[in-house]
Structure formats: C-alpha cells, structure tokens
Amino acid sequence: MSQNNPDPLETLASLGTAPEPSQYDQELGREVGAAARRVADGDLTEEEFHELFADRLAAEFGDAYVPPEGKDDG
C-alpha cells in the first residue's frame with residue numbers, strides 16, 4: 001500500500017497494544033475493515049466483499065446479520 005493509504009492491519013500491529021476483550025471475533029473485524037478499505041479504494045467490488053464475508057458474518061452474528069438485498073443465498 002502507498003504512504004497515503006497504509007495497510008490498516010500493519011497500522012494495528014504497530015500499535016503494540018492488544019484490543020479489549022470482546023464477545024465478537026476481532027480478527028474478523030480487522031479483516032472486514034481492511035476489505036472495506038479495499039472497496040473504498042476501488043480494489044474490490046461490493047459484491048466481492050459480500051461474497052468474502054457473508055458466511056462468516058452470518059456465523060458470527062446469527063439472525064442479527066442481514067445480507068444486502070439480493071445477496072441472500074438462502
């Protein structure tokens with residue numbers, strides 16, 4: 001990544017502090033955040049983003065996860 005858009009995972013790793021404990025999968029959150037950045041930069045489409053994470057988000061959040069309209073495989 002460029003100097004203007006550093007890799008968010010590298011930025012987090014450089015902080016040197018562990019995040020507060022959470023009931024949610026923090027690694028998944030970091031991956032989703034990094035992928036969202038790729039969508040914003042035009043390196044990944046929204047459809048590809050949802051394909052990458054739909055199953056994991058549904059497993060993590062259960063019924064609280066609502067896939068985007070037209071993206072539900074069920």
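Because only heavy atoms are used, hydrogens play no part in the values below, and waters and symmetry mates are left out as well, while side chains stay in.
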### Query
Is a donor on one side and an acceptor on the other found under 3.5 Å between the side chain of E60 and the backbone of D25?
yes
### Query
Side-chain heavy atoms under 4.5 angstrom apart, residues restricted to Ile, Leu, Val, Met, Phe, Trp, Tyr: same cluster for V66 and F53?
no
#### Entry: Closest non-hydrogen atom pair, P68 against Y65
CD-OH, 4.0 Å
### Query
CG of L28 to CZ of F61: how many Å apart, nearest 0.5 Å?
6.5 Å
#### Entry: Candidate pair R56 and E31, rule salt bridge (charged side-chain N to carboxylate O under 4.0 Å, His left out), full reasoning
CA-CA 11 Å; R56 291 174 63 195; E31 290 177 31; 2.7 Å; yes
### Query
Rounded to the nearest 0.5 Å, how far apart are CZ of R38 and CG of L52?
7.5 Å
### Query
Pick one: which of V39, D43, L44 meets side chain to side chain contact (heavy atoms under 4.5 Å, CB included) with D41?
D43
### A36 to F49 - nearest heavy-atom pair and separation
N-CE1, 3.7 Å
